[in-house]
Each structure stands twice: as C-alpha cells, then as structure tokens.
Student: 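Before we start, here is the structure in question, set down as structure tokens.
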Amino acid sequence: MRRILLVSLFLLSLAPACWGATLFTTTIRETDTGKVQDMILEVMTGKNFTVDEVDPYKVVVAKNFGDGFWLPTQLCKVKFNMLQRDGNVRLLVSELELLQGQVTRQRSIDHLIPLIQEIRNKLDGTPIDQVVNEAVNQLPDSGNVRKKSLGIVLGDRNPDGYVAISSVEAGSKAADAGLVGRDVLLEVNGRSTKEMDMAALRSYLANKAAEEASLVLVYSRGGTPQGSVTIR
C-alpha cells in the first residue's frame, strides 16, 4: 500500500511537468549578452538556484526538488541560451529534469515565467505583464494555439506630446499590423494620446488586449502620418 501511495504521489508530481510550454523565448531590447548573463545570475541565484555552467552565450542553473523520501529527489537544470542580434538579445529558456543523474524529460517552464519576466523587466524596462512567450506555437498535445499578445511597449512622449512606441514584440498583433519601434501613437480609438495619462494608456491597452477588443491606432513614422491600423 505504501509503495502504491509513493508511486501515485510521484506520478502526480510529474504531471504538471508534462503540460505547458517547454520553451520560452523573449527578445530583450538594446542590451548585450554580458548584461543579460549578469542579470540571469543575479535573479536565479537569488531564488536559490546554483550555477552549473556559464559561457559567453549560455547560462545553466540547477535546483533540487523533492524531499528524497515521499518524492525522489529531482534535479532540474534551467538553460538560458542567448543570441546577440541587431543590438538586442534573444533569450531562449528551457528546463531538463534529472532523476538519479539521468535526464528523464524536458520539463514545462511555466513556473519560471515570473523569473524570466523579472529578468527582462530589469534589463529593458518592459512591463511585467507585457513579457510574453514569443514562441507562439501550439501547446504540447493540447491542440490549442497560444493567443498572440498585443506586443506594444510604450516609450516616452515626443516633443509634440504624443506617445512613442519603444518597441514591438516579434510575432505579436502589433507586429502583424506593421507597427515598429519608434512609431508614434497619435490616437487610440479616437482619443489623442496627448490627452491620456501614460499609466492610464498602458492600462487601457492591456485591458483591451485582454478583452480581445478592437483597437484603432492612428500613428506616424519619422514625423510622417501613416493613417490608421485596426488590431483585433
């Protein structure tokens, strides 16, 4: 009976590892791999992960889970791969689970998303709720497609008082609509961004994205009005 209970608990402990994304990708703007590496080490060691391997384009950290009695000790290794490109760093995060020193499977990284969001937020200022997985593929074995994010990261106001776009997430709805970093938002759903508080504008965009409501954005590029785009 005790053996059956132990096996049942062990299987339950493995179940979440089989669901969700096994790769998280995000692009950190205007930085380099050295700065990203330093921030990864700062955040992950602060959460009691130990450093397993470091090279110029990779960081591997590890942590033990399980108590060794009710649940076998499972060593999980989190790998951060970094690709430097056009002044940005593309970060790819995955996790492997080892049991008694042997790799058993690739593990879901969903529980690491808050840490990844923290790393990017500290490096390029992207709001936590706007750091989303750019690997917008299907969830393993689910048949469900991940929803695209709005993908607009707001910057400062331009000299005329309109709100500029700092960057646009790759693969997002905004990118699909043709928006790019340094575009300037003139109007959002008929309202001038000159009249909107920055925090209120961020909240408005986030709420509309969550509701999957339409956004009509009038914008300019390089000082030239570009008309409007509709994002649904």
Side-chain angles (χ1 to χ4, degrees), residues 24-40 42-43 82-92 113-114 116-136 146-232:
F24 192 102
T25 303
T26 189
T27 303
I28 304 173
R29 310 294 176 181
E30 299 177 358
T31 189
D32 57 54
T33 55
K35 293 177 182 177
V36 175
Q37 187 179 82
D38 289 345
M39 186 57 67
I40 291 170
E42 177 184 319
V43 171
M82 296 166 285
L83 301 174
Q84 183 82 51
R85 187 175 300 163
D86 300 326
N88 304 321
V89 173
R90 192 163 178 81
L91 185 66
L92 299 91
I113 291 175
I116 301 168
Q117 291 173 323
E118 180 182 349
I119 289 166
R120 178 166 175 189
N121 172 260
K122 288 183 174 180
L123 285 164
D124 69 5
T126 300
I128 293 292
D129 61 356
Q130 294 184 25
V131 179
V132 296
N133 194 350
E134 295 168 13
V136 264
R146 286 184 175 273
K147 294 178 181 178
K148 288 191 176 184
S149 66
L150 176 59
I152 293 176
V153 180
L154 298 180
D156 299 322
R157 295 185 184 275
N158 73 356
D160 295 324
Y162 295 103
V163 178
I165 296 176
S166 173
S167 62
V168 172
E169 299 279 357
S172 66
K173 292 181 179 180
D176 290 348
L179 295 174
V180 299
R182 298 182 183 174
D183 283 348
V184 175
L185 291 178
L186 305 178
E187 294 181 11
V188 176
N189 283 355
R191 184 174 176 185
S192 171
T193 60
K194 290 175 68 172
E195 304 170 358
M196 302 182 74
D197 175 77
M198 288 292 291
L201 178 56
R202 286 193 176 92
S203 178
Y204 182 82
L205 292 175
N207 289 337
K208 289 297 181 182
E211 296 167 2
E212 298 188 14
S214 294
L215 282 168
V216 179
L217 308 177
V218 179
Y219 70 105
S220 65
R221 179 174 298 165
T224 303
Q226 301 293 308
S228 67
V229 294
T230 300
I231 298 176
R232 295 182 175 85

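Numbers here simply count residues along the sequence, with the first being 1. In this text the structure is predicted, and so the values were computed from the model without any measurement.
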Student: Measure the shortest side-chain to side-chain distance between Met196 and Val163 over non-hydrogen atoms and say whether it is less than 4.5 angstrom.
Tutor: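 Not in contact.
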
Student: Could you check whether atom CG of Asp156 has more than 12 heavy atoms from other residues, nucleotides or ligands sitting under 6.0 Å from it?
Tutor: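 Count not over threshold, so no.
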
Student: Using the side chain to side chain contact (heavy atoms under 4.5 Å, CB included) rule, take Asn133 and Thr25 through it: C-alpha gap first, then chi angles, then the decisive distance, then the call.
Tutor: CA-CA 5 Å; Asn133 194 350; Thr25 303; 4.2 Å; yes

Student: Please find the pair of heavy atoms, one from Val153 and one from Gln130, that lie closest to each other, and give the distance.
Tutor: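 Taking every non-hydrogen atom into account, CA-OE1, 3.5 Å.
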
Student: Can you name the nearest heavy-atom pair linking Ile40 to Met82, along with the distance?
Tutor: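 Heavy atoms of Ile40 and Met82 come nearest at CD1-SD, 4.3 Å.
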
Student: Between Leu179 and Leu217, is there a side-chain heavy-atom distance shorter than 4.5 Å?
Tutor: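 Yes, at least one pair of side-chain atoms sits under 4.5 Å.
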
Student: Closest approach of Phe24 and Val132, non-hydrogen atoms and distance?
Tutor: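 Shortest heavy-atom contact: CZ-C, 3.5 Å.
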
Student: For Val184, enumerate each residue passing the side-chain contact (heavy atoms from CB on, under 4.5 Å) test, keeping only those at least two apart in sequence or located in another chain.
Tutor: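 Residues passing side-chain contact (heavy atoms from CB on, under 4.5 Å) with Val184: Asn158, Tyr162, Ala164, Leu186, Ser220.
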
Student: Atom CD1 of Ile119 and atom OG1 of Thr126: how far apart are they, to the nearest 0.5 Å?
Tutor: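 Those atoms lie 13.0 Å apart.
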
Student: Which pairs pass salt bridge (Lys or Arg N to Asp or Glu O under 4.0 Å) with one or both residues in residues 193-207, sequence neighbours excluded?
Tutor: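 Checked against salt bridge (Lys or Arg N to Asp or Glu O under 4.0 Å) - neighbours excluded - no pair reaches residues 193-207.
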
Student: Using side-chain heavy atoms (C-beta onward) and a distance below 4.5 Å, is Val188 in contact with Leu215?
Tutor: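 Counting from C-beta outward, Val188 and Leu215 do come under 4.5 Å.
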
Student: Given Glu134 and Arg90, is the side chain to side chain contact (heavy atoms under 4.5 Å, CB included) satisfied, shown in steps?
Tutor: CA-CA 10 Å; Glu134 295 168 13; Arg90 192 163 178 81; 2.8 Å; yes

Student: If the condition is side chain to side chain donor-acceptor pair (under 3.5 Å), which residues does Glu118 pass it with, not counting sequence neighbours?
Tutor: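 Only Lys122 meet the side chain to side chain donor-acceptor pair (under 3.5 Å) criterion with Glu118.
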
Student: If we only count heavy atoms from C-beta on, is the Leu91 to Val36 side-chain gap below 4.5 Å?
Tutor: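 Yes. Closest side-chain heavy atoms under 4.5 Å.
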
Student: With side chains defined as the heavy atoms from C-beta onward, is the minimum distance between Leu150 and Ile231 less than 4.5 Å?
Tutor: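 Of all side-chain heavy-atom pairs linking Ile231 with Leu150, at least one is under 4.5 Å.
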
Student: Show me the donor-acceptor pairs within less than 3.5 Å that the side chains of residues 221-228 make with the rest of the protein, sequence neighbours left out.
Tutor:
residue	atom	partner	partner atom	Å
Arg221	NE	Asp183	OD1	2.7
Arg221	NH2	Gly178	O	2.8
Arg221	NH2	Asp183	OD2	2.9
Gln226	NE2	Thr224	O	3.0

Student: According to side-chain contact (heavy atoms from CB on, under 4.5 Å), who are the partners of Asp129, at least two apart in sequence or on a separate chain?
Tutor: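 Partners of Asp129 under the side-chain contact (heavy atoms from CB on, under 4.5 Å) test: Pro127, Ala206.
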
Student: With the side chain counted from C-beta on, respond yes when Ile116 and Thr26 share a heavy-atom pair under 4.5 Å apart, and no when they do not.
Tutor: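 Yes, side chains in contact.
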
Student: Could you please spell out the steps behind the side-chain hydrogen bond (donor to acceptor under 3.5 Å, both in side chains) verdict for Glu187 and Thr193?
Tutor: CA-CA 5 Å; Glu187 294 181 11; Thr193 60; over 6 Å; no

Student: Scan the side chains in residues 170-177 for donor-acceptor partners under 3.5 Å anywhere in the protein, sequence neighbours excluded, and list what turns up.
Tutor:
residue	atom	partner	partner atom	Å
Ser172	OG	Glu169	O	2.7
Ser172	OG	Ala175	N	3.2
Lys173	NZ	Arg232	O	3.1
Asp176	OD2	Lys148	NZ	2.6

Student: Is there side-chain contact between Tyr219 and Ile165, with heavy atoms separated by less than 4.5 Å?
Tutor: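 Side-chain contact under 4.5 Å: no.
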
Student: Carefully, step by step, assess Lys35 and Asp32 under the rule side chain to side chain contact (heavy atoms under 4.5 Å, CB included).
Tutor: CA-CA 6 Å; Lys35 293 177 182 177; Asp32 57 54; 3.5 Å; yes

